[in-house]
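Beneath this line is the structure, given in structure tokens, with notes to follow.
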Amino acid sequence: MMKKIIYPFVLLLCWFALQPARAELTIEITSGTEGALPIAVVPFGWGGPGVPPEDVAGIVAADLTRSGQFAPLPEADMLSKPVRPEDISFRDWRAVGVDNLVIGRITPQGEGRYTVDFRLFDVFRGRQLSGYSFPTTRERLRETAHRVADIVYEALTGERGAFRTWIAYVTVTGDGDDRRYSLQVADSDGHNPRTVLRSRQPLMSPAWSPDARRLAYVTFEQETAEIYVQELASGERRKVASHQGINGAPAWSPDGRRLALTLSQDGNAEIYILSLDSDRLRRLTRHPGIDTEPAWAPDGRSLVFTSDRGGSPQLYRLAIDGGRPERLTFEGGYNASADFAPDGRHLALLHRDGRGAYRVAVQDLERGMLNLVSEGQLDESPSFAPNGRMILYATEVGGRGVLAAASVDGRVGQRLRLQEGVVREPAWSPFLE
């Protein structure tokens, strides 16, 4: 039976309240997984005049391709293009080696509203695996397509899809006095960018709240570092840290009530915890070395941070209640910028390899094993997807800053480029509901 989905209204307000931006990120697949599951996403039927406002099937197929887990059949190789279940000849799809089939239809409902129906079939068993009906609007058709891709991904892998999520990042355009910084939020595939903040001064370290309704970030608008928390729906923002010296690296607690920060108000860079309800600060680290870049464990009981207290930048773990920090990284002379996987058992981090290149790595916290997953020379700011399958990061290609993503095993890679300017400081949002 087809199911009907209603979207969370508050999150939609968050999205459409932001200012439209011009430049979209374009994706280039740089490596893929051999043995990806063959699937066909047939062009969706259209019940209106002309052509549909969005190629929903094309978006679904692109999402599945980006995951590295699926190999959608090119449209030119399709023997038929069914829209209804009764039109399907499973023998045709078996003949072209397809394991699963997605069909659908877009039906106008008047005044810019539509219904998107889709069904997922197991070709070899000849049976339906999933099917949903989505009420949507012209502006939300891409979001609906991402939702379809999420459902297909989960039905076939058993893991939650992360296509209907957002990414935040900073763009830099111009030079010298004409340089401009912009904090952007876009779909996970780089489309539908929205501007959160524009500034003539640097913007840094965007961090998502657990409910994806707020961003914390560092700004130099007053020519000194300050940390703000901004509501995406209203655009209202609140200054939460403006102390003497360093105010940096905000990180949200899993309950959304606290921020871990790097402050140097007492003369040295240390980790503090700020209660957003009471504005109370609590200093967590006390060491002559530099302590920075805190990242909360998913259970909220500890933090991982970067420190040079051992002579080189390495990662340490410290309980929120205090105690003695535990060193986590020992391989190489530089390990920094940690981000926890949602399972709490792995870290994404920045590692300097034996050639002096800064690359994204994944460390297994139980076994201590380190696995390099990127191929760049100057990678930075790794950020896990909320399902833990991909890692978003910034890198440099041809002298320009771009975003890239890699699977946790390093076998799947992609780049997201801007037509002009550079892009950096990425952060992948939590799930939107």
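Small disclaimer: the values here were computed from a predicted structure and weren't measured.
For Ser209, the side-chain contact (heavy atoms from CB on, under 4.5 Å) partners at least two apart in sequence or on another chain are Asp211, Arg214, Trp252. Evaluation of the side-chain contact (heavy atoms from CB on, under 4.5 Å) rule for Asp277 yields Arg257, Ser275 as partners, not counting sequence neighbours. For Arg200, the side-chain contact (heavy atoms from CB on, under 4.5 Å) partners two or more places apart in sequence, or in a different chain, are Arg180. For Asp321, there are no side-chain contact (heavy atoms from CB on, under 4.5 Å) partners at least two apart in sequence or on another chain. Applying the salt bridge (charged side-chain N to carboxylate O under 4.0 Å, His left out) criterion to Asp77, with sequence neighbours excluded, gives no partner residue.
A salt bridge is absent between Arg138 and Glu54: the closest approach of a Lys/Arg side-chain nitrogen to an acidic carboxylate oxygen does not fall below 4.0 angstrom. A salt bridge links Arg84 and Asp87; the closest N-O separation between the charged side-chain nitrogens and carboxylate oxygens is under 4.0 Å. The existence of a salt bridge linking Asp353 and Arg359 is confirmed by a sub-4.0 Å separation between a basic side-chain nitrogen and an acidic carboxylate oxygen. Between Glu143 and Arg164, at least one side-chain nitrogen of the basic residue sits less than 4.0 Å from a carboxylate oxygen of the acidic one, meeting the salt-bridge criterion.
Ring geometry for Tyr316 versus Phe305: interplanar angle under 30°, hence parallel rather than tilted (30 to 60°). Ring geometry, Phe118 versus Tyr132: the interplanar angle falls under 30°, so the pair is classed parallel (tilted spans 30 to 60°).
Of the candidates Ser205, Ser381, Ser337, Glu293 forms a side-chain hydrogen bond (donor to acceptor under 3.5 Å, both in side chains) with just one, namely Ser337.
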Q.
As a quick check of understanding, evaluate salt bridge (Lys or Arg N to Asp or Glu O under 4.0 Å) for Arg389 and Glu159, giving each step before the final call.
A. CA-CA 9 Å; Arg389 296 298 301 174; Glu159 298 177 345; 3.4 Å; yes
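Residues Arg258 and Gly300 come closest through the heavy atom pair NH2-O, 4.5 Å. Heavy-atom minimum distance, Ala336 versus Leu315: CA-CD2, 3.8 Å.
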I'd like a table of donor-acceptor pairs (distance under 3.5 Å, sequence neighbours excluded) in which one partner is a side-chain atom from residues 92-108, with atom names and distances.
from   : atom 1 : to     : atom 2 : distance (Å)
Arg94  : NE     : Val123 : O      : 3.3
Arg94  : NH2    : Val123 : O      : 3.3
Asn100 : ND2    : Phe121 : O      : 3.3

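In this structure, Phe340 has its ring center at least 6.0 angstrom away from the ring center of Phe384.
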